[in-house]
2 protein chains.
Amino acid sequence: MEKQTVTIYDVAREAAVSMATVSRVVNGNPNVKPATRKKVLAVIERLDYRPNAVARGLASKRSTTVGVIIPDVTNIYFAALARGIDDIAMMYKYNIILTNSDDAGEQEVNVLNTLMAKQVDGVIFMGNHIDDKLRAEFKRAKAPVVLAGTVDPNNETPSVNIDYAAAVEEVVTNLIARGHKKIALALGSLSQSINAEYRLTGYKRALTKAKIPFDDALVYEAGYSYDAGRKLQPVIADSGATAVFVGDDEMAAGLINASMESGINVPDDLEVVTSNDTIITQITRPAITSITQPLYDIGAVAMRMLTKLMNDKELDEKTVTLPYGIVRRGSTKSAD
Amino acid sequence: MEKQTVTIYDVAREAAVSMATVSRVVNGNPNVKPATRKKVLAVIERLDYRPNAVARGLASKRSTTVGVIIPDVTNIYFAALARGIDDIAMMYKYNIILTNSDDAGEQEVNVLNTLMAKQVDGVIFMGNHIDDKLRAEFKRAKAPVVLAGTVDPNNETPSVNIDYAAAVEEVVTNLIARGHKKIALALGSLSQSINAEYRLTGYKRALTKAKIPFDDALVYEAGYSYDAGRKLQPVIADSGATAVFVGDDEMAAGLINASMESGINVPDDLEVVTSNDTIITQITRPAITSITQPLYDIGAVAMRMLTKLMNDKELDEKTVTLPYGIVRRGSTKSAD
DNA sequence: TTGAAAGCGCTAACAC
DNA sequence: GTGTTAGCGCTTTCAA
């Protein structure tokens, strides 16, 4: 299996120039006489020389790879961000080391450390919660970190998001306007700040505006999965809620399917609104009214910010808030 | 932003041992006196020393990273494989450089080359088609390549798959047994061998067994997307087909939703069977009968094979065929 | 415009 | 059990 490898030194010898010159032509340095460049290029071609990025990384202290920490590639929401990240990374000649963290703090720290060991030039972090431990690691890291679709309540780390609180507030306000008094909130764990500090906040703001008392019995912590949604359905049915805002599309799909199966009509008996506008929202019947987010762009913008940081440029704004929307589909009754 | 970096040399000096000894304890080499090890470990702790994986890679010629080429992370099917790959990689202390190829030959070749430049120890390739150009690159690569969920008709590259032809044959045979004579085949491009040489083959075998003449007007090349499925629906409706086998779950979902909306009942007027048993198949109404594949395991097994190859071990079998199943859901009529 | 030479931080013989 | 010494393949001053 061992194939001999041709190095910059071989090229230099064959072309009768120095390694430095070869390095210059490989790196597009303009200070090379066209004739020399041509000669070197010919030898490179003939020898099929491929620069060794690892050696280059060691010498230059830049690996041209960035780490991406994702809860789970299999999660449609985060996968969409990842695609935006990779496209922009590629555009800037970076590669992505992708690692799943399962949203587990310990794993996130481990992964971050192995990424640093691999000398990534930067890191994009996606997750549902950032605790002090993680924040400390970000600070300690010698490469910049940008959050994508991930909130840091302390606002210490640059990030790209939508205004989750405002979006939820708008959704719930719409629901209230249509007469709902008991609106359930189906979220992931409240230990995650996106839920506890943003979605819940938006929800409460809407209630307050409408002078509806907050009832924490209507707030449910479940998992972000289809089955979690199904399991939650009877619980929500018992609560007497007539509408529900859900934090994850798959969960919303499970909730809707289970409702319809048990004779609870969506939207007549229960209106459902979800969060991420993934393809799931179009596939269910009824289709799901959802907050819309520029998923791809969240990733893309985060990666753009990271490239700036990696080149020691200043960020125009540390916290980028992209616009959200709300798209009405069959899971809610038509506008009033 | 520059943080000074502590090297193996610093540790050696502080611990009053040689670099070699530090290297040994870092790498768990047993040939170190416990007392020495302890002393070194203490210094490592105190200095917060982190080995530089790039330097290690250059010196040892092993980067402990593998390249993963995926058509699109956003594709639920491939994402599921990717998760299996990453989990096993992590288990073996490898990291994954993930790159999207959009199934485009040229991009696949580029990406493969940059992965090789980064000195990956191996590559997992996922895609819908392998042409001669790509095969040549695989051969030329100095790191082993394993295909996951991807067929090489020439069988030159190690791979992990299910028996697509047999699965489709079984599906179509079942359909025929229930009285269908006109069964459509909704696939991706026939230039992709998984379609042209496997699914189509299985389809034809089933027809032949039942002495039903093959009609290529019933074979449709569409895209692997929800919208492609929707667009295909009227075409299939016009064909007079009473059943259809679909090559992608999202496409099947689009086909089903569009059918129901235009008054064609699934499964009464049109039975639908799909290929990948992703979560999509449970979300639609009716839910979709599907071939089941051990998605995660396809990735996991491929990665296991790759670890063997990377350690110059022999493969028990070059082509691994994992078992498939068929799960009946609402998009087909109940068993006869 | 080009070359010489000194590393980058680590591993891997080899010697002791 | 431990140290010495070459590199790994490249970038990057510094001189020329």
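Quick note on labels: first sequence line is chain A, next is B, and so on, each numbered from 1.
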Per B:Ala59 side chain, nearest of listed nucleotides D:dG7, C:dT1, D:dT12: D:dG7
Whole angstrom value for the distance that separates C1' of C:dG9 from CG of B:Leu47: 15 Å
Distance in angstrom units between B:Ile44 CD1 and C:dC10 P, rounded: 10 Å
Below 4.0 Å: OP1/OP2 of D:dC10 and any side-chain N or O of A:Tyr49: yes
Side-chain touch A:Met310/A:Tyr94, heavy atoms, less than 4.5 angstrom: yes
Interatomic distance, B:Leu98 atom CG to B:Ile124 atom CD1 [nearest 0.5 angstrom]: 11.5 Å
Interatomic distance where CG belongs to B:Leu58 and C1' belongs to D:dG7 [whole Å]: 9 Å
Upstream residue (5' side of DNA chain D) when B:Ala55 and B:Val17 are each assigned their closest nucleotide: B:Val17
side-chain N/O A:Thr21 vs C:dT2 OP1/OP2, d < 4.0 Å: no
Any A:Lys61 side-chain nitrogen or oxygen under 4.0 Å from OP1 or OP2 of D:dC10: no
Nearest-Å distance for atom pair CE/P, residues B:Met19 and C:dT11: 8 Å
Backbone N/O of A:Ala148 and side chain of A:Thr150: donor-acceptor pair under 3.5 Å: yes
Side-chain N,O (B:Ser18) to OP1/OP2 (D:dG3) below 4.0 Å: yes
Option passing side-chain contact (heavy atoms from CB on, under 4.5 Å) with B:Met126 (candidates B:Ile70, B:Asn75, B:Ile298): B:Ile70
Interatomic distance, B:Tyr9 OH vs C:dA6 P [rounded to whole Å]: 17 Å
Phosphate contact (C:dC8 OP1 or OP2) by B:Asn52 side-chain N/O below 4.0 Å: no
Phosphate contact (C:dT2 OP1 or OP2) by A:Asn31 side-chain N/O below 4.0 Å: no
side-chain N/O B:Arg56 vs C:dT11 OP1/OP2, d < 4.0 Å: yes
Atom-pair distance (NZ on B:Lys118; P on D:dC8), nearest Å: 23 Å
B:Lys33 side chain, from C-beta outward: closest of D:dT2, C:dC10, C:dA12: D:dT2
Enclosure of A:Lys33 NZ (heavy-atom neighbours >12, cutoff 6.0 Å): no
Spacing of B:Arg13 atom CZ relative to D:dG3 atom C1', expressed in whole Å: 17 Å
Side-chain N,O (B:Ser23) to OP1/OP2 (C:dA12) below 4.0 Å: no
Atom-pair distance (CD1 on B:Ile8; C1' on D:dG7), nearest Å: 15 Å
Side-chain donor/acceptor of A:Arg24 to base of C:dG3, under 3.5 Å: yes
